[in-house]
Amino acid sequence: MALSFDLGRQLDAQLRQAAEGLAAFSNDFAPEVRPADPRFGDFQANGVLAFAKKAKANPRQLATQLVDALIALDGFSGALVQPKKGEPTPPPNGIDYSIEIAGPGFINFRASTGVLAQWLGDFRDEDAFKKGASSRFEGRKIIIDYPSPNTAKQMHIGHLRPMVIGEAVARILEFCGANVIRDNHIGDWGTNFGTLIMAIKREGVDLGALGDNGLPEIERLYKLGTALEKEDPAVRDISRNELVQLQQGDAENTAIWQQIVALTNLVFEKTYARMGVTPDVTLGESFYCDKVDRIYTELTECGIAEESDGALVVWHDEVKKFARDNERPYPFNIRKQDGASNYGSTDLATVLYRVEHFKADEIVYITGGPQQDHFEQLFLTVDKWFTCKDYSKPQLEHVWFGTILGEDGKAIRTRSGESIQLASLLDEAVARASKMAAEKTKSPDLTDEEKAAIAEAVGVGAVRYADLSQNRTQDYVFAWDKLLAFEGNTAPYLQMQGARIHSILRKLGLQPGEGEEGASALETDTELALARKLLNFPVALEMAISDLRPHHLCTYLFELAGAFSSFFSADHVMVDEPDIKARRVMLCARTLAALETGLHLLGIQTLQRM
RNA sequence: GGGGGAGUAGCUCAACGGAUAGAGCAGCGGUUUUCUAAACCGUUGGUUGCGGGUUCGAUUCCCGCCUUCCCUGCCA
């Protein structure tokens, strides 16, 4: 039998096929195949229970019928066995799966060691995994909007999450066959430029003289500007006028603005490089400033937008919280009273451009949780507008994340007070990793350059992993001790397991994939547990994809590394028997492939030595 | 007022309506002349905030409370 990369999906499809031939089942039957508790098997199908409830039928009877049909299916090799408590029965010789019907109607599947060996032989490395996974999206065009920082501000700790989460999401989708475009939608066109230009002119600052690290000075000018505006309303009007001048193409203001943007981008590039973030396009808000008139026109034509208090807004009365007759009305504002565009208008123009120019099937926005209302309004507006104009509608996803909190449990602020600069955060992480490595290393002969590269990978990896390994919608407290704890479910632990595998292969004089000829069937509990964990790599990918939450992949990698570590402690690889040695070498290489593939998808560097 | 998040072991967190709610850290007890001990093995620890409901089955879904953080039209 030919095996799919994702055996669970394959079983799912086969169960559906089996159900098609049965009168008792209908088209809406979903097998719900998922990984099982190892006590029960490798996979379980729970769908019969839900279906039986709806059909008011006996679930065990339905399960029996379904399993009979499945076994009779061409191209499926399985045998029904009696459930026993404790260890499930392995399949009889030459049969791929043993199947049990258990409890109220669970269907449990246990793969034979032959299936394990075949799967591990078919999917040997990152390329094979990718090939196996690529059928998931089959070239679907997905635009991912990240990290999308605002121009004229230094990157601080608040910029960590969009970069880390966005990059992981992009890599995972790409790996699963999507045609991903990373679109860095920088905030280069906001009200803040009015304030900045006002302050720059007032202070007579020469931006050209600031060198390539002028951001702190620009930040200082912005703070000064906002302070002045607060003191004197007349200054606020000047700023507003500077902004309008800029938007109307005034030469002097445009030149100042261009300098600010160029200066900012230069600094940002360095951080992107360090974080492994590679935008495909950088089309900021300014790119859309000549495209917003069409938005006003079309939305007004369609009767979607209307004037309200001098602004142009869209009401979504059908959604309670946005309705106009609320105590506090909450429209979607797309043009300000002063006629200027805002992020409502540019975001609408951006959706249209992404559909018309990039032919986007899907757009994913990576931003913080507080923007949920904005995106809900944006998506509702796009839906109505595209329906009116009969434009092809993309799938729109808002992937939002929680806030990074300070030790006091409050959000780390950007404008008030001292926020931690991203570069110094990373530097400190690397310094701590370096110190840790000096104490713990098993490779004292490393050169200084190698040590530095390892510290960079471990330090930055630890910070990334700490951010990715918990559910993204959670807030989390930023604490050095926590972020740089190199124990348990952390990047250094995973990197270390990889390094251990490289070490054993090095000692054997083998490249990954070599030395596996003549391997015998897996036998020990730890070998089998590891092999079964490897089989679940596609499941972890699927879970990470289904709601774009990378922490599922982290959890899987940690479990995989744990299964490997248990195996590595219990089963010696360098044994005399060539068949046993070969199969253990195979497990090492395959674990390495899954582990490194997973870490790469998370944007974390892997290491050969530590 | 409206909306969203969180509430699970001492701490930090998992758990796509499924089987006896799991990890890590901390604690306790073991393991190293043997392939990287940043490791492994064992163990202690729970009324899943409270009260109802839905059903074969609820941490998960629904209703009502409690605590807490955040958002709530012209910044993005």
Side-chain angles (χ1 to χ4, degrees), chain A residues 32 34 36-37 39-40 44 46 49-50 52-53 59 102-106 148-150 185 187 189-192 195 285 308-313 319-323 326-338 340 342-344 346-347 367-374 376-377 400 402-403 405 409-411 436-437 439-443 458 469-471 473-477 479 482 485-490 492-493 495-497 499-508 539 542-543 546-547 551-552 554-555 558-559 562 565-566 568-570 572-575 584 588 609-610:
Chain A
E32 288 180 35
R34 58 193 61 173
D37 185 313
R39 287 171 302 178
F40 305 123
Q44 58 177 322
N46 299 344
L49 284 162
K53 187 194 281 189
F106 299 110
S148 310
N150 287 333
H185 190 74
W189 202 244
T191 308
N192 54 326
T195 303
E285 286 160 356
S308 169
D309 294 341
L312 192 64
V313 304
V319 177
K320 199 173 153 197
K321 65 176 163 180
F322 300 135
N326 279 348
E327 201 173 320
R328 301 186 201 186
Y330 196 178
F332 185 50
N333 200 323
I334 63 170
R335 191 179 61 203
K336 297 193 282 187
Q337 279 178 329
D338 62 8
N342 64 356
Y343 75 138
T346 50
D347 277 358
T367 85
Q371 294 190 47
Q372 285 175 93
D373 285 345
H374 168 72
E376 200 177 337
Q377 290 176 316
W400 61 274
T403 313
L405 306 173
K410 303 230 166 147
M436 182 74 74
E439 292 164 7
K440 301 273 191 177
T441 185
K442 297 284 170 180
S443 309
V458 170
S469 60
Q470 66 181 341
N471 197 332
T473 53
Q474 291 250 17
D475 292 349
Y476 73 87
V477 174
K482 188 180 152 198
F486 296 152
E487 289 168 310
N489 188 9
T490 64
Y493 172 78
Q495 287 166 321
M496 169 58 68
Q497 299 312 320
R500 292 171 83 190
I501 300 173
H502 278 292
S503 173
I504 181 80
L505 293 175
R506 208 161 39 232
K507 289 219 158 104
L508 288 162
V539 178
E542 181 56 38
M543 286 179 72
S546 64
D547 52 2
H551 78 280
H552 288 123
C554 296
T555 303
F558 180 59
E559 287 171 2
S565 208
S566 298
F568 201 61
S569 303
H572 219 67
V573 177
M574 290 186 192
V575 293
R584 291 181 181 168
C588 286
R609 305 181 70 192
M610 279 179 82

Under 3.5 Å donor-acceptor pair, A:Ser308 side-chain atoms to B:G73 base atoms: yes

Sugar-phosphate only, base, or nothing, as touched by A:Leu49 at under 4.0 Å among non-hydrogen atoms: base

Sugar-phosphate only, base, or nothing, as touched by A:Glu559 at under 4.0 Å among non-hydrogen atoms: nothing

Between C1' of B:C71 and CZ of A:Phe332, the distance in whole Å: 16 Å

Atom-to-atom span, OH of A:Tyr476 to C1' of B:A14 - whole angstrom: 17 Å

Sugar-phosphate only, base, or nothing, as touched by A:Asp309 at under 4.0 Å among non-hydrogen atoms: base

B:A15 to B:G73 separation - P atoms, rounded to the nearest Å: 33 Å

Distance below 4.0 Å between A:Arg328 side-chain N/O and B:G73 OP1 or OP2: no

Whole-Å C1' distance, B:C70 and B:U31: 48 Å

Rounded distance (Å) that lies between atom P of B:G18 and atom CG of A:Asn46: 7 Å

Sugar-phosphate, base or nothing in reach of A:Gln372, heavy atoms under 4.0 Å: sugar-phosphate

Sugar-phosphate, base or nothing in reach of A:His374, heavy atoms under 4.0 Å: nothing

Whether A:Phe322 and A:Tyr330 hold their rings parallel, tilted or perpendicular, with breakpoints at 30° and 60°: perpendicular

Protein-nucleotide distance (A:Phe322, atom CZ; B:G73, atom P), rounded to Å: 12 Å

Euclidean distance, A:Lys442 NZ relative to A:Met610 CE, rounded to 0.5 Å: 12.5 Å

For atom CG of A:Asn471 and atom P of B:G5, their distance in whole Å: 11 Å

Spacing of A:Asn489 atom CG relative to B:A15 atom P, expressed in whole Å: 12 Å

Nearest-angstrom distance, C1' atom, B:G17 to B:U59: 11 Å

Residue-phosphate contact under 4.0 Å: A:Ser469 side-chain N/O, B:A14 OP1/OP2: no

Touch class at under 4.0 angstrom, heavy-atom based, for A:Asn342 against every strand present: sugar-phosphate

Pi stacking test for A:Phe40 and B:A19: under 5.5 Å apart, planes under 30°: yes

Sugar-phosphate only, base, or nothing, as touched by A:Gln44 at under 4.0 Å among non-hydrogen atoms: base

Atom pair CD/CZ of A:Glu542 and A:Arg34 - distance to nearest 0.5 Å: 12.0 Å

Distance between C1' atoms of B:C75 and B:C65 (Å, rounded): 37 Å

5' priority, RNA chain B, between A:Gln474 and A:Lys321 [closest heavy atom]: A:Lys321

Annotated protein contacts, base or backbone, on nucleotides 32-39 of chain B with a non-hydrogen cut-off under 4.0 Å, one of B, S, - each: --BBBSBS

Residue whose closest nucleotide on RNA chain B lies nearer the 5' end, A:Lys320 versus A:Arg335: A:Lys320

Rounded distance in Å - CD (A:Glu32) to C1' (B:U60): 14 Å

Whether A:Thr441 side chain and A:Ser443 backbone form a donor-acceptor pair below 3.5 Å: yes

Secondary-structure notation, RNA chain B, from Watson-Crick and G-U pairs under 3.5 angstrom (| other strand): (((((((..((((....[...)))).(((((.......))))).....(((((..]....))))))))))))....

Distance in Å, A:Arg584 CZ paired with A:Met574 CE, rounded so as to fall on 0.5 Å steps: 13.0 Å

d(CG, A:Leu405; C1', B:U68) in whole Å: 12 Å

Distance, C1' atom - from B:U44 to B:C16, rounded to whole angstrom: 31 Å

Among B:G73, B:G5, B:G3, the nucleotide that comes nearest once only the side chain of A:Tyr330 is considered: B:G73

Under 3.5 Å donor-acceptor pair, A:Gln470 side-chain atoms to B:A14 base atoms: no

A:Lys482 atom NZ: more than 12 heavy-atom contacts under 6.0 Å: yes

Check: A:Lys53 side chain, B:G57 base, donor-acceptor under 3.5 Å: yes

Sugar-phosphate, base or nothing in reach of A:Trp189, heavy atoms under 4.0 Å: nothing

Nearest-Å distance once atom C1' is located in both B:C40 and B:U55: 43 Å

